[in-house]
Protein chains: 2
Amino acid sequence: MDTARPTAQLPLRERKKLRTRQALVDTALELFTERGFDGVTLDELCEAVEVSKRTFFRTFTSKEDVACAPLHDMWTAFLKELEEPPGDAGLPVFDLLRDTLLRTLTRMPADDWPHRVLLSRRLAERTPSMDAHGLAFCDRTSRTVVDTLLRRFDLGGTPYEDLVPRLTVDVLVAAFHRALEIWTAGAGDTPRTAEDLATAVRTACAAVPASLALPARPRPVP
Amino acid sequence: MDTARPTAQLPLRERKKLRTRQALVDTALELFTERGFDGVTLDELCEAVEVSKRTFFRTFTSKEDVACAPLHDMWTAFLKELEEPPGDAGLPVFDLLRDTLLRTLTRMPADDWPHRVLLSRRLAERTPSMDAHGLAFCDRTSRTVVDTLLRRFDLGGTPYEDLVPRLTVDVLVAAFHRALEIWTAGAGDTPRTAEDLATAVRTACAAVPASLALPARPRPVP
DNA sequence: AGCCATAGTGCCACTCAGTGGCACAAGCCA
DNA sequence: TGGCTTGTGCCACTGAGTGGCACTATGGCT
């Protein structure tokens, strides 16, 4: 089952753990997609992966968590990527974040990650508790991102705590979510790649200025 | 307990229901604040309000729901407010939304609503599942807002579904959340009013352009 | 090679959120 | 007053998530 990955040379124990984790994610996405999030009990999932429920909860914090793993992984990779020294100095933070996100996308495992994200997002759209879990995770991650930014960059001491940089991150996250939505909704079973998603992210980010300037002409009342 | 409100003249049954609802919210916020969200079981809450658990779940969708009620109420009022014809035509949608939000704030019950929001937000900050629930609710509301906008205004048929107006709403929601955060964090037990919150909303909205332009000057590496 | 210390696992019993079903009471309408 | 509808109480049940303890596999050390 999917050995010899870029798992490189981790201690055996770690590799085993990662394999269990991946098996749980894949089986969960498969079962949930087939019978719905609520149509599958954790006992069944654990049975299928041959793992005790106790072990499941040592790997994931909740039933939602396992189904949201693909995007969790991406954001975790994003945080790592953000620690790398940026190419251009003086670039607006928003562009820096966008580029970091795009770079992260190119580095996700190209063969299976996009498919996992697709399944996960489709599930989230019809499973409120999954959606909630994903949003809360993004929110927590955003805080971490702001902390990293403050540590690495001189943002000129903004008033009201971290209002300005935090808004920057919020806008990027919003744009990413819109991109995901568009990417996920795309026609039926067309294969989706991380590049497609990157394109959508670029589009969404580019649409931000227009969204702030968008004029509201009232319709003629019917 | 808190009769003769702007409840006006609703059928008796409705008024009773609303009173039960309000009692549940207030008691929940009180108990949760005192002993923590997880430190109070629904059975205890229902006992305190003298209502059966079954009834609780006819009024609220989850334990989190009752604790998030204050902001739910606000967004519901916001949607209603958005149906009113706007004063100025041709105003940017973002400004229109912001003004609608500010107007909504002035119309919330001035005496007890702010205090409820404060308790609710403080709880949410240390209760992940409450935070998640609140975020998911906002997300769903955002969709409704976009639908209303599209129905009421001629937004010039944007490409990629509703990308542009949806981003507009997302940015407003982000700004509101930052405003809430600042307002909630404000010193200790200073009384907080809806006007204070309105001021914070104005500040956060005004900070949006700066957040997009914010330059990232790298710090000298330590 | 052999042997602990320790990280990780399985099992079991328990709490509590959330649901379905049915009988009953309170508000509403004639 | 009596039917009708709407909302409530009660009770049993499912399933997520947790704590505790005994057990096994791993990796370091001699």
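Just so we're on the same page: letters track the sequence lines, and every chain starts at 1. What you see is a predicted model; the values in this text were computed from it and never measured.
To the nearest angstrom, P of C:dG18 lies 12 Å from CG of B:Asp43. At whole-Å resolution of the value, CZ in A:Arg58 and P in C:dT6 are 18 Å apart. Summarising the geometry, the separation between CZ on B:Phe37 and P on C:dT15 is reported as 20 Å, rounded to the nearest angstrom. When the P atom of C:dG18 is taken as reference, atom CG of B:Leu45 falls 12 Å away, rounded to whole Å. One atom, CZ of A:Phe56, and another, P of D:dT18, lie 11 Å apart when rounded to the nearest Å. When the C1' atom of C:dG18 is taken as reference, atom CD of B:Glu44 falls 17 Å away, rounded to whole Å. Atom-to-atom, CD of B:Glu47 to P of C:dA17 comes out at 14 Å; the value is rounded to the nearest Å. Between the CG atom of B:Leu42 and the P atom of C:dG18 there is a distance of 6 Å, given to the nearest Å.
Distance from the side chain of B:Lys63 is smallest for C:dA17 among the nucleotides C:dC11, C:dA17, D:dT8. The listed nucleotides are D:dT26, D:dG9, C:dT9; the one nearest the side chain of A:Lys16 is D:dT26. Distances were taken from every side-chain heavy atom of A:Arg54 (C-beta onward) to each of D:dT18, D:dG19, C:dG18; the shortest belongs to D:dG19. Residue A:Thr55 has its side chain nearest to C:dT9 when only D:dG17, D:dG9, C:dT9 are considered.
Checked against the 6.0 Å centroid threshold, A:His133 and B:His133 do not count as a close aromatic pair.
A heavy atom lying under 4.0 Å from DNA chain D marks none of the residues of residues 120-138 of chain B.
Side-chain to base pairing of A:Lys17 with C:dG8: no donor and acceptor N or O lie closer than 3.5 Å to each other. A donor-acceptor contact under 3.5 Å is formed by the side chain of A:Lys53 with the base of D:dG17.
Summarising the geometry of B:Pro218 relative to A:Phe153, their closest heavy-atom pair is CA-CD2, 3.6 Å, with the distance given to 0.1 Å.
One finds a salt bridge joining A:Arg166 and A:Asp170 here, because a Lys/Arg side-chain nitrogen approaches an Asp/Glu carboxylate oxygen to under 4.0 Å. With respect to B:Asp112 and B:Arg116, a salt bridge is recorded, a charged nitrogen being found less than 4.0 Å from a carboxylate O. Using a 4.0 Å cut-off between a side-chain N of Lys or Arg and a carboxylate O of Asp or Glu, B:Arg152 and B:Glu84 do not qualify as a salt bridge.
In the displayed structure, A:Glu125 atom CD is contacted under 6.0 Å by more than 12 heavy atoms of other residues, nucleotides or ligands.
The salt bridge (Lys or Arg N to Asp or Glu O under 4.0 Å) with A:Asp131 is formed by just one residue from the set A:Arg126, A:Arg121, A:Arg122; it is A:Arg121.
Of the two residues contacting DNA chain C, namely B:Ser62 and A:Glu50, the nearest-nucleotide position lying further toward the 5' end is that of A:Glu50.
Across all strands shown, B:Thr61 has no heavy atoms under 4.0 Å from either base or sugar-phosphate atoms.
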